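Quick notes on the structure that follows.
Worth saying up front: this structure is predicted, and the values here are computed from it rather than measured. Residue numbers begin at 1 in each chain, while the letters A, B, ... track the order of the sequences. What's counted below: heavy atoms across the whole structure, side chains too, no hydrogens, waters or symmetry copies.
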Protein chains: 2
Amino acid sequence: MTVSEGVPASRVSAPGPLPSEREAMCPHRLVLEHVTSRWGVLVLIRLLERPHRFSELRRAIGRVSEKMLTQTLQTLERDGLVHRDAQPVIPPRVDYSLTGLGREAAEQVRALASWTERRMDGVLAARRAYDEARRTHTEAPRSGDGTPRTHTEAPRAVDGTPRAGGEAPRVDDEARTL
Amino acid sequence: MTVSEGVPASRVSAPGPLPSEREAMCPHRLVLEHVTSRWGVLVLIRLLERPHRFSELRRAIGRVSEKMLTQTLQTLERDGLVHRDAQPVIPPRVDYSLTGLGREAAEQVRALASWTERRMDGVLAARRAYDEARRTHTEAPRSGDGTPRTHTEAPRAVDGTPRAGGEAPRVDDEARTL
DNA sequence: CTGCATCCTTAAGGATACTG
DNA sequence: CAGTATCCTTAAGGATGCAG
């Protein structure tokens, strides 16, 4: 998505109409990705509550680099979802709030977020069932089941570390409140 | 937003503590990211229409590698949103459909997608205003012609659209027929 | 056809330093 | 405080090959 500095000089000095690889298309897909983006979701939900200053958002969301927060806010502002009010004072004070458009989006997003919260139990149960089925299926092929382990031996991690079938994935949670 | 943190493919058959993963946040945040993930959104919307075979989904969605489609489907299946029906025939035939849980999620997602479509005009207008304001504001000591920018490339938004001023509007876009 | 595994490229995201 | 610019690490995603 980003140009990044790794752009070949040849490309820069010879712009032209850009051969269009996968140029503009369904624009609304992009907007959807903006509002459902990792930080976009959190920003919208926070701003639905009340306007926030930059640092307030940063603290409220937690674990977000200022770089990403800035990027997210700029994108949402450009899309007309967030209003940015920069007061020319020292030290600088900038307030972010939702526009009418942004409020609509934020409400949809919040609805989705609420849903995941309400249905969390069902999801967790499904995961346990899935993992359990997988585990028993892989480790102990039942007679008559016809699921012989072929050669899929000890599963390994990225670094090649073999790992026996499983236990609790460690969770160094921080329990953020959405 | 990605689907993968839940099931990085290797994770499916090799459940275990991977080096660095952010399964740390509140669990419902993860589910939210699954359903709002790039391919997750498209899969859910397609399946809302009717059950699909693997290759049908692939074609319907378009430009999605089978790797990503597989990963997305596995994640959604594990979360209990998608039902997988693998028929033991040759050649293999696998049908994917929504569970009750998945239908609820898909409807929320579809609502959000519809919203972006309905409000697209407003968003585009906002973008034009934003870019225009930026451009006039940035315009300054310009004596010669468009000399190749030295090193200060345009700041970008999340979607990669560079600031006005210019050239190289490298927009990473998707042409999906949602 | 469906799916798993591996390599490899690119983009996202974090850390840091600097500015107004 | 609120950014901007840069570097650098990690993760996402695509291509390919193989198996059932």
Side-chain angles (χ1 to χ4, degrees), chain A residues 1-8 22 33 37-40 52-59 63-75 77 84-96 138 146-153 155-160, chain B residues 1-14 18-22 33 37-40 52-59 63-75 77 84-96 138 149-160 163 170 172 174:
Chain A
M1 260 172 192
T2 348
V3 169
S4 109
E5 50 284 298
V7 178
R22 51 288 236 213
E33 296 200 0
S37 72
R38 185 172 179 195
W39 308 116
H52 282 67
R53 294 184 55 174
F54 184 85
S55 50
E56 282 180 333
L57 274 176
R58 201 170 176 343
R59 276 193 306 276
R63 327 191 291 318
V64 57
S65 62
E66 61 184 59
K67 174 189 169 184
M68 291 317 295
L69 184 54
T70 298
Q71 261 185 24
T72 301
L73 286 169
Q74 284 175 348
T75 298
E77 186 196 357
R84 179 174 182 274
D85 178 35
Q87 300 169 47
V89 299
I90 295 178
R93 178 192 174 100
V94 182
D95 285 82
Y96 291 92
T138 301
T147 310
R149 286 186 41 115
T150 49
H151 66 35
T152 319
E153 51 177 23
R156 48 192 101 178
V158 180
D159 59 354
Chain B
M1 59 187 61
T2 354
V3 162
S4 48
E5 31 59 18
V7 184
S10 56
R11 197 59 177 303
V12 178
S13 51
L18 280 209
S20 62
E21 297 227 3
R22 57 174 199 279
E33 294 201 1
S37 72
R38 184 170 181 196
W39 308 117
H52 282 67
R53 294 184 55 173
F54 184 84
S55 50
E56 282 180 332
L57 275 176
R58 200 169 175 348
R59 276 193 305 276
R63 320 173 310 318
V64 56
S65 63
E66 63 183 55
K67 175 188 170 186
M68 291 317 296
L69 185 54
T70 298
Q71 263 186 20
T72 301
L73 286 169
Q74 283 175 348
T75 298
E77 185 195 358
R84 179 174 182 274
D85 178 35
Q87 299 169 47
V89 299
I90 294 180
R93 178 191 173 102
V94 182
D95 284 81
Y96 292 93
T138 304
R149 323 186 53 65
T150 52
H151 52 63
T152 9
E153 243 328 5
R156 55 173 41 312
V158 169
D159 68 345
R163 175 187 37 191
R170 186 116 195 296
D172 173 311
E174 290 290 309

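Note on A:Thr70: every side-chain N or O is 4.0 Å or more away from OP1 and OP2 of D:dT4. Of the side-chain N and O atoms in B:Gln71, none sit less than 4.0 angstrom from OP1 or OP2 of C:dC4. A:Tyr96 has no side-chain polar atom (N or O) that falls below the 4.0 Å cut-off from OP1 or OP2 of D:dC1. OP1 and OP2 of D:dC1 both lie 4.0 Å or more from every side-chain N or O belonging to A:Arg53. Between A:Gln87 and the phosphate of D:dA2, there is no side-chain N or O to OP1/OP2 separation shorter than 4.0 Å.
Between B:Asp95 and the options B:His52, B:Arg84, B:Gln87, a side chain to side chain donor-acceptor pair (under 3.5 Å) holds for only B:Gln87.
A:Phe54 places a side-chain heavy atom less than 4.5 Å from the side chain of A:Leu69. Side-chain contact between B:Leu57 and B:Val64 is absent, with no heavy atoms from C-beta onward closer than 4.5 Å. Side-chain atoms of A:Ser37 and A:Glu33, non-hydrogen and from C-beta on, never get closer than 4.5 Å to each other.
In this structure, the CE atom of B:Met68 is 17 Å from the P atom of C:dT10, given to the nearest Å. Nucleotide C:dG3 holds its C1' atom 14 Å from the CG atom of B:Leu57, rounded to whole Å. In this structure, A:Ile90 places its CD1 atom 11 Å from C1' of D:dC1, rounding to the nearest Å. Atom CZ of A:Arg38 and atom C1' of D:dT10 are 12 Å apart (whole Å). As a whole-Å value, the separation of A:Gln74 CD from D:dG3 C1' is 9 Å. A:Arg93 has its CZ atom 18 Å from the C1' atom of C:dG20, to the nearest Å. Following rounding to the nearest Å, B:His52 (NE2) and C:dC1 (P) show an atom-to-atom distance of 16 Å. Protein atom CG of B:Leu69 is 17 Å distant from nucleotide atom P of D:dA12, rounded to whole Å.
Among the nucleotides C:dG14, D:dG13, D:dA2, the one closest to the side chain of A:Lys67 is C:dG14.
Across all strands, B:Arg84 comes closer than 4.0 Å only to sugar-phosphate atoms, never to a base (heavy-atom distances).
Annotation: of the two residues near DNA chain C, A:Pro92 and B:Glu66, the 5′-most nearest-nucleotide partner is B:Glu66.
Side chain of A:Glu56 to backbone of A:Arg53: a donor-acceptor contact under 3.5 angstrom is found.
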